[in-house]
Protein chains: 2
Amino acid sequence: MRLTDAMRAVFVELLVHGPLSRAEAARRLALSPSALTKVTKPFIEAGYLREQATGEGTATVGRPSQPLEVEVSRMSFVGIKLTADELFAVRTDLAATIQAETSRPLIDHDIDNVLGQITQAITDLTGEGRPPLSAVGISLAGTATPSDPVVHTSPFLGWSQLPLARLVEEAVGVPTVLDNDVRALTAVQQWFGEGVGHSSFALITVGAGIGCGLVIGDRLVTGQSGAAGLVGHLSIDDRGPMCELGHRGCARAYASLPAIRRSVAGTLDRPELTFDDCLALARDGHPVARRVFDEAGSALGQLVATVANITGPELVILSGEAVHMQEVCADAFQAALARHTHWTSTPVRVVVKPFTFNEWARGAAVTALQHQLLHG
Amino acid sequence: MRLTDAMRAVFVELLVHGPLSRAEAARRLALSPSALTKVTKPFIEAGYLREQATGEGTATVGRPSQPLEVEVSRMSFVGIKLTADELFAVRTDLAATIQAETSRPLIDHDIDNVLGQITQAITDLTGEGRPPLSAVGISLAGTATPSDPVVHTSPFLGWSQLPLARLVEEAVGVPTVLDNDVRALTAVQQWFGEGVGHSSFALITVGAGIGCGLVIGDRLVTGQSGAAGLVGHLSIDDRGPMCELGHRGCARAYASLPAIRRSVAGTLDRPELTFDDCLALARDGHPVARRVFDEAGSALGQLVATVANITGPELVILSGEAVHMQEVCADAFQAALARHTHWTSTPVRVVVKPFTFNEWARGAAVTALQHQLLHG
DNA sequence: CGTCTTTACTTGACGTGATGCACAAATCTG
DNA sequence: CAGATTTGTGCATCACGTCAAGTAAAGACG
């Protein structure tokens with residue numbers, strides 16, 4: 001089935017903005033109603049769209065509308081997140097709902113072994129009787145972009161100039177795209193999360209490091225050779241704690257999960273404390289933990305304000321493995337956000353999104369999904 | 001003459017990327033050669049395009065190409081920059097070349113008086129025998145955007161909710177657009193300056209304040225209600241000089257023109273010193289001036305690195321009334337840029353653009369020009 | 001209870017805007 | 001002077017979306 005621009009636009013609109021009547025979709029996309037009947041017919045015949053059971057709910061004048069819905073099970077995607085020592089994979093449907101997941105350790109970084117693990121994970125997730133796999137997405141920390149199938153340099157995997165997407169594509173026989181991990185998470189928010197309905201927003205992730213993904217003018221910002229959103233080492237002040245690169249007072253020294261844990265556990269000389277232990281101490285009012293989390297919140301607030309001042313997003317989404325620290329440092333965060341927001345603006349709206357680790361792999365799946373629907 | 005998307009694209013391509021043969025333009029825009037004959041014919045007939053005199057220069061096989069050139073005198077624009085106490089206006093042709101300029105003091109901020117000054121300036125610049133005025137652009141500090149004809153709040157002009165573009169449009173009878181001053185400068189660079197050929201770049205201006213304009217994915221970034229690029233109060237450190245809002249070590253306290261002058265003149269207790277006097281002292285190795293300019297350069301380097309880390313531009317353009325201080329602080333600038341650039345990236349390429357004050361008004365003209373060609 | 005109004009959807013004729021193809025034009029190459 | 005090569009043009013064609021007209025399905029109303 002050859003797709004026109006209008007067909008793609010209609011399908012994506014229905015996928016992202018839920019069931020819509022033809023009339024409503026036509027209004028939103030500035031198309032004629034007749035265009036919509038024409039455009040949707042082949043999708044319905046091929047089973048990609050379906051007419052919703054008439055809800056008989058809203059009593060309104062005129063002929064009742066016939067909402068169209070994407071048949072989300074009609075396509076299937078696998079997303080894979082690579083870290084230095086483990087591989088996480090999920091299978092999702094068209095709505096990015098996770099259908100199955102798996103993970104496996106990476107013994108070494110030899111490309112043949114990793115490739116084997118990847119193909120194994122994919123076959124595990126896509127057995128018999130399931131909708132055929134449409135595309136695979138792979139995300140990793142570093143400067144990958146979907147428009148380029150090769151990993152140029154990956155410090156922690158020790159790869160350079162590795163055409164990973166092409167290798168996987170040849171091994172599995174399915175289109176494969178590569179992307180930066182934070183950008184992949186941003187793609188999830190853009191189509192299926194808090195970003196829906198916003199033409200510009202920023203996603204800030206707090207976890208092992210601090211990341212930032214940007215959507216501006218409805219487009220995910222890539223940056224030159226994939227290097228945008230590098231906020232981890234933003235200078236907060238010049239007297240604070242030190243990061244592993246020797247930056248005093250940089251954002252990840254203040255607010256990353258390992259830095260916070262180290263700071264509390266180190267000061268108390270209790271190396272066994274986990275991050276959540278530290279968080280519990282702060283919740284109980286322990287002065288050291290409180291101070292560390294307050295400073296982390298302040299650092300994050302300043303970071304969010306800086307990103308917002310520069311890019312002017314409608315919304316900032318906070319997420320990552322350590323977002324739940326907001327429960328103890330929200331006040332410090334808001335104070336710093338207000339203090340560092342440019343005086344002519346009001347502080348940007350911030351929403352906190354809870355985070356589970358498989359979200360990383362889901363991001364990779366959404367990257368594949370977007371690429372397939374927009375450029376497939 | 002009704003314009004199709006392709007016609008607009010071809011015209012803009014020829015305007016921005018200089019004379020091009022039909023064949024070359026067709027390749028760049030992914031159109032068929034025959035489309036180009038068809039598209040360019042009405043422009044040539046109406047006198048907007050012209051076939052260049054055959055240069056007989058480049059000896060190459062095949063039929064020689066017939067480059068097309070925009071007849072830049074065919075349209076005319078006026079750009080106006082408003083400051084608290086003066087109005088600067090220029091008239092330009094289609095290539096944004098300044099044809100005439102004028103300025104006049106603003107006695108007060110009463111809207112009728114200002115409107116009178118504006119219309120007077122426009123009639124001064126557009127006398128008899130000149131190509132008819134196509135559009136007017138007005139730029140001012142603050143959060144204006146071309147999509148909205150009203151000045152919502154302008155702190156230093158004391159206006160709020162003033163539909164300035166509509167008023168000028170009614171008074172002069174020509175389409176009028178409003179924009180932020182730094183964004184207008186960025187538009188000049190995008191189409192007629194260093195930004196040509198780059199799909200993403202940042203413009204940093206250093207003058208009375210510090211501004212930032214962004215182009216990402218070939219689009220000028222506006223930000224929510226025009227609030228992007230607010231880098232002036234970026235925190236550089238927390239011990240440095242103080243700005244007028246009481247921020248310690250913020251960028252404008254380190255690197256804006258008045259702050260530098262105040263810092264040198266104040267320390268030396270010589271209030272008569274101008275900025276250029278201070279610059280001369282630094283050039284001569286005066287320890288106080290040297291230190292102040294070095295710190296300004298460092299602050300700017302850190303600021304540029306921060307913007308580049310977040311948005312990943314291909315290029316950063318430095319401009320503004322005080323850029324020429326680079327002649328004494330380039331080393332400090334480069335060192336700070338390298339130090340604050342994210343470790344996985346190489347420092348962004350920076351070019352310094354000399355600046356004359358009428359550039360502000362030229363920016364407004366280019367805003368009008370872009371708006372006219374893209375949406376007129 | 002029938003008729004009117006309102007909104008949703010469908011169908012086929014039509015128009016617009018770009019393409020493909022054939023061809024002319026203008027140069028260099030051997 | 002006969003290819004080779006590239007540019008530019010005219011015309012048939014085609015693809016994609018709009019327009020106009022008509023059908024469908026509900027509530028509103030006398």
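Note that these values count all heavy atoms, side chains included, but never hydrogens, waters or copies made by symmetry. Please read all numbers here as calculations on a predicted model, not as lab measurements. Chain letters run A, B, ... following the sequence lines, proteins first, then strands; residues in each count from 1.
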Look for any protein N or O under 3.5 Å of an N or O in nucleotides 22-25 of chain D and output each such pair with its distance, or none.
| unit_1 | atom_1 | unit_2 | atom_2 | d |
| --- | --- | --- | --- | --- |
| D:dA25 | N3 | A:R63 | N | 3.4 |

Produce the list of close N/O pairs, under 3.5 Å, pairing protein atoms with atoms of nucleotides 10-14 of chain D; give distances to one decimal.
| unit_1 | atom_1 | unit_2 | atom_2 | d |
| --- | --- | --- | --- | --- |
| D:dG10 | OP2 | B:K41 | NZ | 3.3 |

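The side chain to side chain donor-acceptor pair (under 3.5 Å) contacts involving residues 193-202 of chain B comprise B:H198-B:E314, B:S199-B:E314, where partners must be two or more places apart or lie in separate chains. Residue pairs meeting the side chain to side chain donor-acceptor pair (under 3.5 Å) criterion with at least one partner in residues 1-14 of chain B, sequence neighbours excluded, are B:E13-B:R28. Counting only residues at least two apart or in different chains, side chain to side chain donor-acceptor pair (under 3.5 Å) contacts with residues 90-100 of chain B comprise B:D93-B:Q99. The side chain to side chain donor-acceptor pair (under 3.5 Å) analysis of residues 363-376 of chain B, with sequence neighbours excluded, yields the pairs B:Q190-B:Q370.
The salt bridge (Lys or Arg N to Asp or Glu O under 4.0 Å) search around B:R50 returns B:E69, B:E71, not counting sequence neighbours. Remark: A:F43 pairs with A:F11 by the ring-ring contact (aromatic ring centres under 6.0 Å, His included) rule, at least two apart or across chains. For A:S32, the side chain to side chain donor-acceptor pair (under 3.5 Å) criterion is met by A:S34, not counting sequence neighbours. With sequence neighbours left out, the side chain to side chain donor-acceptor pair (under 3.5 Å) criterion links A:R27 to A:E24. The side chain to side chain contact (heavy atoms under 4.5 Å, CB included) test applied to B:A361 returns B:K81, B:F88, B:V90, not counting sequence neighbours.
A heavy-atom distance below 4.0 Å to DNA chain D is reached by these residues of residues 19-28 of chain B, ordered by number: B:S21, B:R22, B:A23, B:R27.
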